[in-house]
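Shown next, in structure tokens, is the structure this report addresses.
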Amino acid sequence: MQVYVSKDQDHLRLLAIFYYIGSGFFAFNAVGALAYLIIGIIALVAPERILAQSCEIPPQYIGWTIIVLMAVLLLFLGTIAFCLGYAGRCLVRRKKYIFCMVIAGLCCLGFPFGTILATFTFIVLLKPGVKETFTVRGS
């Protein structure tokens, strides 16, 4: 027995998979920011382990600068990873059409992968049949 899946459903499933992959990339980069955050904490607590003795800048400034920058970057990357993963989940469930469109628009900023993903998302989501499945199941 062969189950027929429409092309639109197949495209939505593929888009969701690529959103999950994009979310994984951003989460992986957030782990890198977390590593630098730990380095900043070490530079603050034990500056002799990280910084050279001849450094003219006080170690507290270097440590706090790294901590603040990496905390902001970690928050930013984590938010993007969450939004991409949630958009993939919304595509699978056919919910939150406007949210998926907004996230696709923001993906345009991530050249080249995000731009390609956003373009295909707009192509698929602007089809009348796909839009109907979102509005029938709830937004």
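Owing to the predicted nature of the structure, the values given are computational and were not obtained by experimental measurement.
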Aromatic centroids of Tyr86 and Phe99 separated by under 6.0 Å | yes

Donor-acceptor side-chain pairing of Tyr19 and Thr121 below 3.5 angstrom = yes

Might you point out which heavy atoms bring [X] and [Y] nearest each other, and give the distance in Å?
X: Gly63; Y: Ala43; result: CA-CB, 4.1 Å
X: Ala87; Y: Cys100; result: O-SG, 3.9 Å
X: Gly105; Y: Phe122; result: N-CZ, 3.6 Å
X: Ala16; Y: Val92; result: CB-CG2, 3.5 Å
X: Ala81; Y: Ala27; result: CB-N, 3.8 Å
X: Gly78; Y: Ala30; result: N-CB, 4.4 Å

Are [X] and [Y] joined in one hydrophobic group, where the rule is that I, L, V, M, F, W and Y side chains link up if heavy atoms are under 4.5 Å apart?
X: Val31; Y: Ile67; result: no
X: Leu117; Y: Ile98; result: yes
X: Val130; Y: Leu126; result: yes
X: Leu69; Y: Val45; result: yes

Side chains of [X] and [Y] in contact at under 4.5 Å (non-hydrogen atoms):
X: Val124; Y: Leu15; value: yes
X: Leu125; Y: Lys131; value: no
X: Arg94; Y: Gln9; value: yes

Take Lys95 and Arg89 through the side chain to side chain contact (heavy atoms under 4.5 Å, CB included) test and state the conclusion after the steps.
-> CA-CA 9 Å; Lys95 292 184 176 182; Arg89 188 71 181 151; over 6 Å; no

Just wondering, are more than 12 heavy atoms of other shown residues or ligands nearer than 6.0 Å to OH in Tyr61?
-> no

Give every donor-acceptor pair under 3.5 Å between a side-chain atom in residues 32-39 and any protein atom, sequence neighbours left out.
none

With Leu84, the side chain to side chain contact (heavy atoms under 4.5 Å, CB included) member among Ile103, Ile21, Leu106 = Ile103

With sequence neighbours excluded, what pairs up with Arg13 under the side chain to side chain donor-acceptor pair (under 3.5 Å) test?
-> Asp10

Could you state the interatomic distance from OH (Tyr20) to CG (Leu91), rounded to the nearest 0.5 Å?
-> 8.0 Å

One should read off an interatomic distance between Thr65 OG1 and Met70 CE, to the nearest 0.5 angstrom, of 10.5 Å

Show your reasoning for whether side chain to side chain contact (heavy atoms under 4.5 Å, CB included) applies to Leu12 and Phe134.
-> CA-CA 11 Å; Leu12 284 171; Phe134 273 83; 4.3 Å; yes

Could you pull out all residues at least two apart from Leu75 that satisfy side chain to side chain contact (heavy atoms under 4.5 Å, CB included)?
-> Thr79

